[in-house]
Amino acid sequence: MTTPRRAPGGFPVVGIIGGGQLARMCAGPAAELGITLSVFAEAEDASAALVVPSSPVGDHTVAEAVHAFAQHCDVVTFDHEHVPAHVLDLLVAEGVELHPRPAALRFAQDKLAMRERLTELGIPCPRWTRADDVAEVTAFGDAVGWPVVAKTPRGGYDGKGVRLAASADDLADWLERAATDGTGLLLEERVPFVRELAVLVARSPSGQAAAWPVVETVQTDGICTEVLAPAPGLDADLAADAVHAALRLAGELDVTGVLAVEMFEVVDAGGPAFRVNELAMRPHNSGHWSMDGAITGQFEQHLRAVLDLPLGSPRPHERWTVMANVLGGDYPDLYPTYRHVMARDPEAKVHMYGKGVRPGRKIGHVNISGDDLADLRERAAHAADYIQGVVTE
């Protein structure tokens, strides 16, 4: 179906550009809120298209196609940050209600713009610079110490578009491409950190905001594999500072919807501190725990926020929730292992994305809540590993 069927009673239609798992996981909360979803999907078998009846297929880089989709929606939001500026400009010019707005979204789309704005606001970041040639890369590396972290300003995710460079020679191909398209590279100092944290907040167009507890994220080969909510042993002052910074960013950047602020926990002369690493203006992997672990999960909260509905409580249900990502491996037949996990641990909440198996691809996640953090971590990891075939008993 290409045109959404409106529910009676004046309830709105929310359009989502992109048919990935983030759009898919909005379907349940939308139904509970009485809201109709429509998804502009990449393919008929996209993750969200499998569960959302109104899922027209199209190219998010074609302005006219996106505009035709948006005509049937009261508000439009995003499954990803890759919608180009010319498409967003047309939607704004035609009066489409977009959340987040393009002026905010650019700071999640362009890492150089993000670093510039965060520096202007005095938000702690790694030392950074823009580099367009070998001399600028070498000068920065000599100043902050090698190796340096290089990032393509646009399009990177899950470790893609990030490279650790021991010299300018390691970036020769990127510099050649950057010279052709004029984008430059973002260079950052390599930050010696204690662990990685994330703060998720939501903000509505009327300015109401809410924040979930700070979480710890565990990365493997650049991909998040585990989230601990809340971050165990986190200094109370650091937690308060991190939440305050995220809420301030949401306000200063005029973010509407969910904002994820990824951070490094570091140790400064004055004690525990943080450095902001990345921003995402949409529901985020670090917030998947909230689906089962908080009164209001991030997908419901995002819908509330973009519709300017009163926000729900982000308070956790239990002392701890652990989320373990299920990654694709060499085992394509997931349903038998999925059933086994449900039988083995009835308290585990298993969420699968309807995606084909590919090594390293996020195909689902498991949430478990309770009082014993070590036990929860073991159970969540076992469940994720069993589904993907890493363990068989």
Side-chain angles (χ1 to χ4, degrees), residues 99-101 103-108 111 113-128 188 191 193-217 224 227-290 293-298 301-302 304-306 308 310-316 319-321:
H99 294 292
R101 301 179 181 95
L105 190 61
R106 68 181 293 260
F107 297 112
K111 293 180 176 63
M114 179 264 292
R115 282 283 176 254
E116 290 171 358
R117 187 66 179 122
L118 266 59
T119 301
E120 291 171 359
L121 294 172
I123 301 293
C125 298
R127 288 179 289 175
W128 66 278
E188 298 175 349
V191 176
F193 59 87
V194 177
R195 57 180 167 174
E196 296 189 58
L197 305 173
V199 186
L200 259 73
V201 302
R203 180 175 177 273
S204 63
S206 60
Q208 185 188 9
W212 289 271
V214 182
V215 302
E216 177 179 347
T217 64
C224 178
V227 173
L228 313 178
L234 185 63
D235 179 82
D237 289 338
L238 175 57
D241 290 345
V243 171
H244 179 267
L247 289 169
R248 182 177 171 228
L249 279 172
E252 293 282 0
L253 303 183
D254 195 23
V255 176
T256 44
V258 167
L259 168 69
V261 183
E262 298 180 78
M263 302 176 171
F264 298 123
E265 181 182 353
V266 299
V267 178
D268 282 349
F274 67 86
R275 302 284 184 272
V276 171
N277 182 30
E278 302 278 1
L279 302 180
M281 296 181 190
R282 50 171 170 75
H284 190 259
N285 196 192
S286 62
H288 288 353
W289 71 272
S290 66
I295 292 174
T296 309
Q298 65 166 343
Q301 197 80 298
H302 186 70
R304 285 176 176 244
V306 301
D308 211 11
L311 300 182
S313 169
R315 184 167 58 84
R319 182 181 180 187
W320 303 107
T321 298

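Small disclaimer: the values here were computed from a predicted structure and weren't measured. The figures that follow rest on heavy atoms only: side chains count, while hydrogens, waters and symmetry mates do not.
- A donor-acceptor pair under 3.5 Å is absent between the side-chain atoms of His302 and the main chain of Pro283, judged by distance alone.
- In terms of heavy atoms, His99 sits closest to Arg101 at CE1-NH2, 3.6 Å.
- No donor-acceptor distance shorter than 3.5 angstrom exists from the side chain of Glu216 to the backbone of Arg195, with no hydrogens or angles considered.
- When all heavy atoms of Ala210 and Gly312 are compared, the pair lying nearest together is CB-O, 4.4 Å.
- Listed here is the closest heavy atom pair of Ala211 and Val243: CB-CG1, 3.8 Å.
- Minimum interatomic distance between Pro230 and Pro213 (heavy atoms only, all atoms of both residues): CB-CB, 3.9 Å.
- In terms of heavy-atom proximity, Met281 sits nearest to Phe107 at CE-CB, 4.0 Å.
- In this structure the side chain of Trp212 reaches within 4.5 angstrom of the side chain of Gln301, judged on heavy atoms.
- Across every non-hydrogen atom of Arg275 and Cys125, the tightest pair is CD-O, 3.5 Å.
- The backbone N or O of Gln208 sits less than 3.5 Å from a side-chain atom of Ser204, completing a donor-acceptor pair.
- Checked by atom type, the side-chain pair Trp128/Thr119 shows a donor-acceptor distance below 3.5 Å.
- Panel note: side chain Thr296, backbone Ser313; a donor-acceptor pair is recorded below 3.5 Å.
- Within the 4.5 Å cutoff, the side chain of Pro232 has heavy atoms near those of the Trp320 side chain.
- Interatomic distance, Phe274 CZ to Asp241 CG, rounded to the nearest 0.5 Å: 6.5 Å.
- No donor-acceptor distance shorter than 3.5 angstrom exists from the side chain of Asp268 to the backbone of Gly270, with no hydrogens or angles considered.
- Judged by distance alone, with hydrogens and angles left aside, the side-chain atoms of Thr256 form no donor-acceptor pair with the main-chain N or O of Val306 at under 3.5 Å.
- Comment: Arg115 engages Glu188 in a salt bridge, judged by a side-chain N to carboxylate O separation of less than 4.0 angstrom.
- Considering only heavy atoms from C-beta on, Leu259 comes within 4.5 Å of Leu249 through its side chain.
- Ionic pairing of Arg203 and Asp308 is not present here: no N-O contact between side-chain nitrogen and carboxylate oxygen is shorter than 4.0 angstrom.
- Side-chain contact between Leu197 and Thr217 is absent, with no heavy atoms from C-beta onward closer than 4.5 Å.
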